[in-house]
Structures are given as structure tokens and as C-alpha cells.
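Here's the structure, in C-alpha cells; my notes come after.
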Amino acid sequence: MKPELNYRSLFAATPSPYLVLAADLVIVDVNTAYLRATRRTWDDLVGQHVFDAFPDNPADPNADWVHNVEASFGRVLATGRADVLAMQRYDIPVVARPGMFEERWWSTVNTPVLDPDGHVAWIIHRVEDVTAFVRARRTSNRGSGEQLTEREEGMEAELYIRARELQRLNEELRAAHGREREVAVTLQESMLHSPDLARHKDVAVRYLPAIGSLNVCGDWYDTVDLADGRFTVAVGDVVGHGLEAATVMGMLRSALSAASRAVTGPAQALEVLGMYARSVDGALATTAVTVLVDVRSKLLVYSSAGHLPPALLHGDGTYELLENATDPPLGARPEHVPRPQASAAYRGGDTLILYTDGLIERREEDIDTSLDLLRKALVGMTDLSPDRLADTLLARLGVAGGGDDDIALVVVRL
């Protein structure tokens, strides 16, 4: 039997200095090592905004600790990922001598702690005091107090300059990635516009781009109205990232929409899409699933090209996966082969859920575990509206703010 751990005692005893910040950057806790390193007390820090407690040295016109660390905190809050800074000079205030600062150098890592909804609840600000190392490099360690040679001083200066240059280049790279990602997401959102969707008040859709990554814009959803009140819903996932994936996604989505209007069922629509995908660079291995909702016979007719199975949540709380018509992804076969098609009956009040793998798949988990997570997350949702069900499902699966991969989600109240 595992012993009960006292995590507050462990935090207090950790030898590395740690500061815990709320999402508004107010200090909520600090360990003993941090107090020792900064020569402050718990009462000095807890409840203070971090930059009120630790301002830049006003006597140093080149001080940039606040600027650099504030940017790092911003990246952590935006991406939900840890951020590592190059070696920073930050002169700490001398408590006994107001207005005086003591030169110090730090190695810094900022790490997020996420709440159950996937939002950043706290930031762990870890620092290591490397002042002794910097000072040792200024004076040779030969016991005579001899100063470093001009060459050694030049090497130290070069090392510091390169570290700061690396930090600057990383910031520029993040900005460039951010601009491309913004363009890609804007393109994605414009291409996901569906006039037919506006006519379905009982259909809710969600698209969440991947957090902190260019692996966005490969997922799509669509709704196509047919004759006699029938309609199709579909989701798909293009392999790739960025603007290229967004472009391929738009082409395949349009092709599937057109095929769904021209052929007799989902299997034939995916056959047409598969043949078209062979002529589109970057389209191979795309997965997709499409479901025809026949409101007259209360029947769902579906076919899947290597995609995760849609879920059908019945009004009594039971659940089934539409997994009886799954075939390889688009372009996986060199020659045309008819795709399978299956059907499932539904009752009024049932809910159809289509999604892409970013909703449920997690690293180092097999697909059965992922699908079981979906099943558990759907418990007790039968009375929720499609919009509330979509938002609650994202929250229960810990991706309300996005995840490591794109997420497309369609919820249809039948």
C-alpha cells in the first residue's frame, strides 16, 4: 500500500527554488529554497504581483528581466507548455537597504499546472542561482586571484552573447510560427463555413486548433442538405500541418460535399473522394467519415475511410459506436475497391457525435482506452442541448482550451 504523501512538506523541502503564481501572476506560494535564494520572507512575497515583488533594478538602464520573464509567462499561459529562458541577470533588492540591489544571475524555467478543463491554473517559476558560476568565470580559479586573460574574457562574453541571441531567435521563430498559424486558422475558419449548417438548430460544431503548434488546419466538418429532409454530416482529418494542410482540407471538403449531393450514399461519396485524393498532393492517408441522416426512416447510413467511429448516444443513456463500415484511409489502395456501408436505427432524442482524433487520443494510450474515455465522458449527457453537450464533452476530456492536435467535433440531436 502506497504511503500517504504530504505534498506541502515535499514542496517546502525541495532544494531547488520554486515560486508558484496564479494565472494573474500573483504569488500564491513559495518554498524555503526560494526564500533563501532571494533573502525574502514568505510574508514579503505571497499575495504580491510577481513584478511588484521583483522589479527591475532602476539603476541599470539595460535591465530586461521583467520584459523577458513576462514574455515567458505569456507564452506559458497561451500554450499551456513549459518555457525555458536563457541565463538572465536579475539584481535582487537588498531588503535591509531600500533602493539597493545585489547583482545576481539566474537559470529560469516556467512550467504550467493545468486545471481539469485544460486551462493554466498556476505557473511554477523555478530558478537556479548561477551567480557563483558567472563570478568564477570572471576571475581565474587558480588560487592567486589572477584575472581572466583577454581571450577567456572574450570567450565568456561570446557565450553570453550567443545565449541571448539564441533567446532572441527563439522569440522571432515563435512569432513567425504564430503568424503562419494565425493565417492558417483564419483560412480554416473561412473554409469551414457551411450555409446548410445554419438551417440545423439541433447541430452544434466545434473546431479547436492545436495549442502551441503548427500542426493545425487539417481537420474539417461539414453538413450537406439533401432531398426529402435528409442530410449528411461528415468529419475528416488531413495528414500534415499549416497552410498546406488547410489547402488540402478545403479541396477534400468541397469534393466530399459535391459527391454527397451527386451519389446515392456515403460509401459511394467516399469512393469518389478517394479517387480524387489520388490527384491531390498531400491528400493521401486522409481519414474521413460521413453519415447520412434519413429522418423519414430514422436511419443512419454511414461509411468510414480509416476514421474513428461516430458515437450514437441513446436517450436512455446507452451508447454504441458506428464501426461496422470502416475501410482504409483515402488513397491507401492503388486500385479502386467499393467501400463498405452500414446502417443503424435511431430514436427521436438520440444524439450523434462525430469527432477527430484530437478529442480522445492521448500519447501512449491505445485506441480502446481512448474510446473508453469517450464512453465515460458521455455519461449523464442525454438531457443536454447539443451546444452544452459539445462544451461539456470538451471539458470532461480536458481539451476545452485545445489539445496537442486539432479537434473537430459535430453533435447532432436526432
Check your understanding: Just by distance, do the side chain of N31 and the backbone of Y18 share a donor-acceptor pair under 3.5 Å?
Key -> yes
Exercise for review: Would you check if the distance from the ring center of W65 to the ring center of F51 is below 6.0 Å?
Suggested key: yes
**Study point:** side-chain hydrogen bond (donor to acceptor under 3.5 Å, both in side chains) involving R8 - partner list, sequence neighbours excluded
**Key:** D29
Check your understanding: Heavy-atom distance under 4.5 Å between the side chains of L256 and W220, does that happen here?
Key -> yes
Exercise for review: Give a yes or no answer on whether the side chain of Y90 reaches the backbone of P55 with a donor-acceptor pair at less than 3.5 Å.
Suggested key: yes
**Study point:** With R39 via salt bridge (charged side-chain N to carboxylate O under 4.0 Å, His left out) - residues at least two apart
**Key:** E102
Review point. Got L409 and L354 here, is their nearest side-chain heavy-atom distance under 4.5 Å?
Key: no
**Study point:** Between CD1 on residue I353 and CG on residue L312, distance to nearest 0.5 Å
**Key:** 8.5 Å
Review point. How about L414 and R347: do any of their side-chain heavy atoms sit closer than 4.5 Å?
Key: no
Point to revise | 4.5 Å side-chain heavy-atom contact, E361 and I367 | key: yes
Review point. Looking only at atom types and distance, does a side-chain atom of S254 sit under 3.5 Å from a main-chain N or O of M251, one as donor and one as acceptor?
Key: no
Check your understanding: For P309, which residues count as a side-chain contact (heavy atoms from CB on, under 4.5 Å) partner, sequence neighbours excluded?
Key -> L321, E323, Y355, L371
Point to revise | Test item: V233 and T290 side chains (from C-beta on) under 4.5 Å apart, heavy atoms | key: no
Check your understanding: What residue pairs, at least two apart or across chains, pass salt bridge (Lys or Arg N to Asp or Glu O under 4.0 Å) with a residue in residues 380-396?
Key -> R206-D387, R206-D391
Practice item. May I have all residue pairs that pass salt bridge (Lys or Arg N to Asp or Glu O under 4.0 Å) and include part of residues 257-276, sequence neighbours excluded? Key: D196-R261
Review point. Just wondering, do T232 and T223 contact through their side chains at under 4.5 Å, heavy atoms?
Key: no
Check your understanding: Taking 4.0 angstrom as the limit, do D91 and R104 come out as a salt bridge?
Key -> no
**Study point:** Heavy-atom closest pair, residues D56 and V66
**Key:** OD1-N, 3.2 Å
Exercise for review: Only counting residues at least two apart or in another chain, list the ones meeting side-chain hydrogen bond (donor to acceptor under 3.5 Å, both in side chains) with T351.
Suggested key: R413
**Study point:** Heavy-atom pair with the smallest gap, counting every atom of L397 and R362
**Key:** O-NH2, 2.8 Å
Study note, to complete from the structure: Note: V289 and S304 closest approach over all heavy atoms is CG2-CB, 3.9 Å
Taking only distance into account, with no hydrogens and no angle test, what donor-acceptor pairs under 3.5 Å do side-chain atoms of residues 111-124 form with protein atoms, sequence neighbours excluded?
residue, atom, partner, partner atom, Å
D115, OD1, D117, N, 2.9
D115, OD1, G118, N, 3.0
D115, OD1, H119, N, 2.9

Point to revise | Check: V272 and V263 side chains under 4.5 Å, non-hydrogen atoms | key: yes
Exercise for review: Write down the atom of V295, the atom of D228, and the distance for their closest heavy-atom approach.
Suggested key: CG2-O, 4.1 Å
Review point. Is the backbone N or O of M275 less than 3.5 Å from a side-chain atom of S279, with the two atoms forming a donor-acceptor pair by type?
Key: no
Exercise for review: Rounded to the nearest 0.5 Å, what's the gap from CG on L270 to OH on Y276? Could you check?
Suggested key: 15.0 Å
Check your understanding: Which residue pairs pass the ring pair (Phe, Tyr, Trp, His ring centres under 6.0 Å) test with at least one member in residues 289-335, sequence neighbours excluded?
Key -> none
Exercise for review: Only counting residues at least two apart or in another chain, list the ones meeting side-chain hydrogen bond (donor to acceptor under 3.5 Å, both in side chains) with K376.
Suggested key: D372
Practice item. Quick one: list whatever passes side-chain hydrogen bond (donor to acceptor under 3.5 Å, both in side chains) with T41, sequence neighbours left out. Key: D44
**Study point:** Residues which pass ring-ring contact (aromatic ring centres under 6.0 Å, His included) with W106, listed by chain and number, not counting sequence neighbours
**Key:** none
Review point. Within the side chain of S257, is there an N or O that forms a donor-acceptor pair under 3.5 Å with the backbone of R253?
Key: no
**Study point:** Separation of T287 OG1 from D327 CG (nearest 0.5 Å)
**Key:** 12.5 Å
Review point. Which salt bridge (Lys or Arg N to Asp or Glu O under 4.0 Å) pairs, counting each pair once, include a residue from residues 282-293, with sequence neighbours left out?
Key: none
Point to revise | D237 versus T356, side-chain donor and acceptor atoms under 3.5 Å | key: no
Practice item. Check F73 against V50 and note the closest heavy-atom contact, atom names and distance. Key: CE1-CG1, 4.0 Å
Review point. Are any side-chain N or O atoms of T79 and backbone N or O atoms of R81, one a donor and one an acceptor, separated by less than 3.5 Å?
Key: yes
Point to revise | Polar side-chain atom of T286 near backbone of A283 as donor-acceptor pair, under 3.5 Å | key: yes
Revision key, fill the gap. Looking only at heavy atoms, the pair that brings Y221 and V410 closest together is CB-CG2, 3.5 Å
Point to revise | Heavy-atom check, side chain of V109 versus side chain of D83, under 4.5 Å | key: no
